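Report on the following structure.
These figures come from a predicted structure and were not determined experimentally. In what follows, every chain begins at residue 1, and chains take the letters A, B, ... in the order their sequences are listed.
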Amino acid sequence: MSSYEDPNGNLIESFRVLANYYRENKDTIRARAYDNVIIRIKQIQHNLRTKGGNGKITEISQVPLGDGIGKKSREKIKQYIDTGRIRQVEDILASQPKPEPKNEREQVIALLKSVWNIADASAKKLYDSGIRSMQDLKDHQDLLTKDQRLGLKYYEQLQKPIPRDEIRAMKYVIIVILSHEFGRNSFNLEVAGSFRRGCKQSGDMDCLLTSNKFSLLQAVQALVKWDVIVDGTGQRTEKFMGVAHCPSAGKDKGIFRVDIEFLPENEWGSGLLYFTGSQSYVIRVRAVAKRKGYILNQHGLFYKNGTRVPVYTEAEIVNYLGLDYLPPEARY
DNA sequence: TCTCCGCTGATAACGA
DNA sequence: TCGTTATCAG
DNA sequence: GGAGA
Ligand SMILES: Cc1cn([C@H]2C[C@H](O)[C@@H](COP(=O)(O)OP(=O)(O)OP(=O)(O)O)O2)c(=O)[nH]c1=O
Ligand SMILES: [Mg+2]
């Protein structure tokens with residue numbers, strides 16, 4: 001659910017095919033290399049758009065070497081500009097005619113993994129214990145952890161993507177509740193994730209929250225009291241993962257996953273940079289930091305000895321690392 | 001040419 | 001109960 | 001596959 005169409009048609013999609021192909025074949029490093037190509041293409045398109053154009057790359061001279069695009073990827077881009085296709089991509093698509101016919105074990109494992117909090121290891125164990133369907137799962141909840149039962153309980157509702165407007169509505173509900181409970185100006189709240197990147201729909205709602213007046217636990221308790229958070233997982237100081245219900249939606253509608261990242265105020269910028277994503281963009285920026293001898297995490301930018309580099313906004317952080325600031329919409 | 005590839009929080013399971 | 005490791009998640 | 005040593 002990206003915010004912009006690709007002005008170059010299928011260029012980005014082509015590199016996505018390459019990335020996913022290597023990811024499926026467990027070559028995550030090469031997959032990330034292609035993720036980085038996409039990030040760089042998006043940045044170039046953004047720059048062209050800023051100059052007043054429509055963002056379309058029309059000649060290879062607009063694609064310099066470096067910043068994630070090397071000789072071979074540049075050659076692929078050239079091929080795309082010239083012919084509208086990339087040989088390697090066509091080969092991959094041709095080699096996998098339709099959705100691959102999987103064997104029964106793989107199918108069942110894929111199904112089990114679609115439950116929140118069930119991943120590879122659990123899915124395999126469950127299969128080996130004889131679980132073959134969602135019904136089996138419901139009949140054998142003793143095999144599940146607390147969190148996995150939660151995923152099962154809301155399985156159906158969590159399949160649906162969340163419309164942008166629903167997240168916007170929920171944001172103001174949360175602001176009203178926290179203001180009422182703890183006072184105006186007692187906190188900072190931003191909805192990050194795909195919402196902040198401008199996507200029309202999201203898989204969950206990612207809230208970044210800071211406050212000197214209350215803890216994450218207190219915030220969650222208030223939201224539970226007002227029936228906005230309906231379920232969640234255990235004790236927590238920094239990160240809450242739960243299930244919310246948007247009151248403006250119907251009774252059984254507007255149920256979705258909410259994550260709350262609760263940080264000290266001075267970590268706001270690094271928190272935003274992390275929580276806004278995208279995942280591949282975060283990995284990319286952190287890789288750059290690491291190569292230059294720093295560690296970047298949600299708490300800030302640090303020298304290797306652990307002392308903090310005094311940069312506090314998203315722009316300060318990426319500029320310090322020698323990167324251009326990109327608006328959330330352009331962060332693939 | 002060789003080496004490295006993001007980084008952390010929460011929870012459950014394990015072993016002493 | 002405590003420290004460590006595995007798993008899942010973002 | 002790309003970047004730095
Ligand atoms: C999944 C994931 C997310 N993140 C960060 C970057 C993400 O933008 C941010 C929020 O995660 P997500 O909510 O999983 O991703 P998203 O908001 O970009 O997309 P969706 O619509 O599916 O919710 O957390 C990671 O650092 N590593 C990960 O593996
Ligand atoms: Mg999200």
Side-chain angles (χ1 to χ4, degrees), chain A residues 15 18-19 21-23 25-41 63-77 86 88 112-126 142-151 158 192-196 202-208 216-217 220 232-243 257-263 267 270-302 304 306 317 321-323:
Chain A
F15 279 96
L18 289 164
Y21 171 79
Y22 285 105
R23 225 180 315 270
N25 289 283
K26 306 293 171 198
D27 188 351
T28 29
I29 284 168
R30 197 164 303 218
R32 282 183 187 173
Y34 283 118
D35 287 341
N36 292 337
V37 173
I38 297 176
I39 290 170
R40 179 61 179 143
I41 290 174
V63 183
L65 279 178
D67 295 340
I69 296 181
K71 261 189 79 177
K72 299 172 92 168
S73 290
R74 189 170 189 270
E75 183 54 40
K76 290 185 175 73
I77 295 171
I86 296 172
Q88 293 86 335
L112 297 177
K113 280 165 63 169
S114 68
V115 176
W116 181 43
N117 289 324
I118 297 182
D120 225 51
S122 299
K124 284 175 176 150
K125 277 183 197 157
L126 289 166
D142 53 306
L143 297 173
L144 302 179
T145 66
K146 229 173 129 212
D147 297 355
Q148 291 170 336
R149 273 171 230 160
L150 210 60
L158 297 187
S194 50
F195 177 87
R196 184 161 182 254
S202 294
D204 65 2
M205 180 174 181
D206 303 293
C207 300
L208 182 65
L216 175 56
L217 186 62
V220 169
T233 61
Q235 280 298 301
R236 51 255 148 181
T237 61
E238 174 178 331
K239 183 200 276 228
F240 169 79
M241 301 196 293
V243 180
R257 287 262 303 100
V258 182
D259 293 336
I260 303 176
E261 179 82 11
F262 188 85
L263 294 172
E267 298 180 0
S270 52
L272 258 189
L273 191 58
Y274 156 65
F275 220 28
T276 298
S278 68
Q279 176 181 339
S280 48
Y281 179 77
V282 170
I283 290 174
R284 168 85 187 146
V285 177
R286 289 183 180 190
V288 170
K290 181 166 186 157
R291 224 183 299 129
K292 302 204 169 184
Y294 305 96
I295 290 173
L296 175 64
N297 58 31
Q298 66 268 45
H299 301 294
L301 182 65
F302 302 90
K304 267 189 292 191
I317 293 168
L321 293 171
L323 302 172

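- Residue contacts for Arg257(A): at a heavy-atom cut-off of 4.0 Å it reaches the sugar-phosphate backbone alone, with no base atom in range.
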Close N/O contacts between protein and nucleotides 5-7 of chain C (under 3.5 Å):
none

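- For the pair Ile69(A) CD1 and dA3(D) C1', the computed distance is 14 Å after rounding to whole Å.
- Ile29(A) is linked by a side-chain contact (heavy atoms from CB on, under 4.5 Å) to Asp27(A), counting only residues two or more places apart in sequence or in another chain.
- Here Arg257(A) pairs with Asp259(A) in a salt bridge; the nearest charged N to carboxylate O distance falls below 4.0 Å.
- Taking 4.5 Å as the limit, every side-chain heavy atom of Leu273(A) sits out of range of all side-chain heavy atoms of Val282(A).
- Between the OH atom in Tyr21(A) and the CZ atom in Arg30(A) there is a gap of 10.5 Å [rounded to 0.5 Å].
- Rounded to an integer number of Å, the gap from Leu65(A) CG to dG4(D) P is 12 Å.
- For Leu273(A) and dG10(C), the CG to C1' distance is 14 Å, given to the nearest whole Å.
- Atom CZ of Phe275(A) sits in a crowded spot, with more than 12 heavy atoms from other residues, nucleotides or ligands closer than 6.0 Å.
- Residue contacts shown for Gly193(A) are absent, as no nucleic acid heavy atom lies under 4.0 Å away.
- Counting only heavy atoms from C-beta on, Asp204(A) has its side chain closest to dG10(C) among dT11(B), dA9(C), dG10(C).
- Across the protein-nucleic acid pair, Asn25(A) atom CG and dG1(D) atom P stand 14 Å apart, rounded to whole Å.
- Between Asp35(A) and Arg40(A), none of the side-chain N atoms (NZ, or NE/NH1/NH2) sits under 4.0 Å from a carboxylate O, so this pair counts as no salt bridge.
- Here the C1' atom of nucleotide dG10(C) and the CZ atom of Phe262(A) are 18 Å apart, to the nearest Å.
- Residue Arg291(A) is in sugar-phosphate contact alone, with no base atom involved, counting any heavy-atom pair closer than 4.0 Å across all strands shown.
- For the P atoms, the distance from dT8(B) to dG1(D) is 30 Å, rounded to whole Å.
- Remark: Lys76(A) NZ to Phe15(A) CZ distance equals 6.5 Å, nearest 0.5 Å.
- Leu263(A) has its CG atom 17 Å from the P atom of dG10(C), to the nearest Å.
- Nucleic acid contact for Thr233(A): sugar-phosphate only, since backbone atoms but no base atoms lie under 4.0 Å from a heavy atom of the residue.
- Annotation: side chain of Lys146(A) is not in contact with side chain of Thr233(A) (no heavy-atom distance under 4.5 Å).
- Within the 4.0 angstrom heavy-atom criterion, no nucleotide atom of any strand lies near Asn36(A).
- Between the CG atom of Asp35(A) and the C1' atom of dG1(D) there is a distance of 12 Å, rounded to whole Å.
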- Message: For nucleotides 4-9 of chain B, give me one character per nucleotide, 5' to 3': B if any protein heavy atom sits under 4.0 Å from the base, S if the only such contacts are to the sugar-phosphate, - if neither.
- Response: -BBBSS
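- Protein atom NZ of Lys146(A) is 16 Å distant from nucleotide atom C1' of dA9(C), rounded to whole Å.
- The two residues Gln148(A) and Val115(A) make their nearest non-hydrogen contact at O-CG1, 4.1 Å.
- Side-chain contact between Phe262(A) and Arg236(A) is absent, with no heavy-atom pair separated by less than 4.5 Å.
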